[in-house]
Engineer: 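The following block contains the structure, expressed as structure tokens.
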Amino acid sequence: CNNNFIVKKDEFLFISNGVPFSIKYYKECIGYMGGFHNSFLSPDFIQPNSYRAINLLQSSTPTKEHFTEDSLRINLTLKKIMEESKSEKKNDSFIKILLLDLIYSCENITARQSKNDLGNTSSKFLELIFDESKKILTIPEYAQYFGVTQNHLNKTIKQHTGKPISEWIEESIIMRSKSLLQ
């Protein structure tokens with residue numbers, strides 16, 4: 001993946017199967033890292049339609065989420081998964097149940113957060129940028145308009161639309177230019 005992420009406390013980075021990545025650990029880095037093959041959640045354990053409905057597992061780019069309110073529950077589930085994985089009497093079915101619980105919990109939290117944050121900001125941004133009666137602003141001006149940092153706004157827009165703000169600005173300029181030329 002061409003993106004760089006720094007994962008901090010109460011953050012979770014989801015990387016779907018088939019997405020290339022590399023990891024750099026920093027001094028005093030603590031937390032959980034794990035992976036599983038798609039076959040681990042086999043059709044006898046989870047229906048293929050249910051698996052395909054989990055957006056976090058289908059994304060072609062990594063997704064980073066912040067789970068402040070739910071981090072204790074997620075950390076406890078991760079700890080249980082780790083303990084069970086290291087157990088001499090490891091129970092794969094129990095690990096699968098914990099993993100599914102973790103995935104569905106994260107999916108629900110992500111959907112809830114996305115609805116509130118991404119949808120509203122992204123929709124308003126796209127309305128602004130493609131409203132020909134309004135002047136196209138710079139990235140710092142859009143960030144100021146929404147009352148957030150440039151980085152946060154760009155991350156939000158890119159996560160929701162798949163494109164950074166700069167590409168949307170270029171696309172809007174090109175569209176307006178074509179309209180004027182006609």
Side-chain angles (χ1 to χ4, degrees), residues 1 3-125 146-149 151-162:
C1 155
N3 300 331
N4 291 313
F5 298 93
I6 295 178
V7 182
K8 298 176 185 168
K9 183 179 180 182
D10 298 330
E11 291 182 337
F12 209 101
L13 183 64
F14 296 92
I15 304 171
S16 299
N17 189 30
V19 176
F21 67 95
S22 64
I23 297 174
K24 291 181 185 174
Y25 293 98
Y26 293 94
K27 187 176 182 183
E28 299 177 21
C29 176
I30 58 170
Y32 298 96
M33 181 186 143
F36 62 93
H37 192 273
N38 285 350
S39 64
F40 188 69
L41 296 178
S42 58
D44 62 323
F45 196 76
I46 181 173
Q47 296 297 316
N49 290 341
S50 297
Y51 184 86
R52 284 190 292 275
I54 303 171
N55 294 326
L56 290 173
L57 300 178
Q58 308 306 320
S59 178
S60 60
T61 59
T63 305
K64 186 168 93 167
E65 296 295 338
H66 189 85
F67 299 131
T68 306
E69 297 169 13
D70 306 279
S71 63
L72 180 60
R73 181 184 173 331
I74 290 169
N75 276 324
L76 288 173
T77 305
L78 287 166
K79 190 174 185 174
K80 285 180 191 174
I81 290 171
M82 187 179 76
E83 288 170 357
E84 187 63 30
S85 296
K86 291 181 176 181
S87 171
E88 287 182 27
K89 296 179 181 180
K90 181 171 74 168
N91 182 340
D92 280 348
S93 293
F94 182 55
I95 293 172
K96 289 176 184 183
I97 290 168
L98 290 171
L99 182 59
L100 278 176
D101 177 56
L102 177 71
I103 291 168
Y104 280 119
S105 295
C106 292
E107 179 79 9
N108 289 334
I109 295 164
T110 302
R112 188 176 68 229
Q113 289 175 347
S114 293
K115 237 186 220 179
N116 297 339
D117 186 32
L118 295 178
N120 294 336
T121 304
S122 296
S123 294
K124 287 178 185 173
F125 170 77
F146 286 102
V148 295
T149 65
N151 189 35
H152 176 73
L153 181 62
N154 196 49
K155 177 183 156 192
T156 300
I157 300 301
K158 186 173 181 180
Q159 187 175 5
H160 189 251
T161 67

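Below, each value reflects all heavy atoms present in this structure, side chains not excepted, and no hydrogens, waters or symmetry copies.
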Engineer: Find the distance between CD1 (I23) and CD1 (I15) and round it off to the nearest 0.5 Å.
Structural biologist: 6.0 Å
Engineer: Under the side-chain contact (heavy atoms from CB on, under 4.5 Å) criterion, do K155 and T149 qualify, and how do the steps go?
Structural biologist: CA-CA 10 Å; K155 177 183 156 192; T149 65; over 6 Å; no
Engineer: Would you give the length of the straight line joining atom OG1 of T156 to atom CZ of F125, rounded to the nearest 0.5 angstrom?
Structural biologist: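 Here the interatomic distance stands at 11.0 Å.
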Engineer: With sequence neighbours excluded, tell me which residues meet side chain to side chain contact (heavy atoms under 4.5 Å, CB included) with K90.
Structural biologist: D92, I95
Engineer: Among L76, I97, L98, D101, which one satisfies side-chain contact (heavy atoms from CB on, under 4.5 Å) with I81?
Structural biologist: L98
Engineer: For a 4.5 angstrom cut-off between non-hydrogen side-chain atoms, does L102 reach K80?
Structural biologist: no
Engineer: To the nearest 0.5 Å, how far apart are CZ in F94 and CD in E83?
Structural biologist: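 Those atoms lie 9.5 Å apart.
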Engineer: So which atom in E84 and which in K89 form the shortest heavy-atom distance, rounded to 0.1 Å?
Structural biologist: OE2-O, 3.7 Å
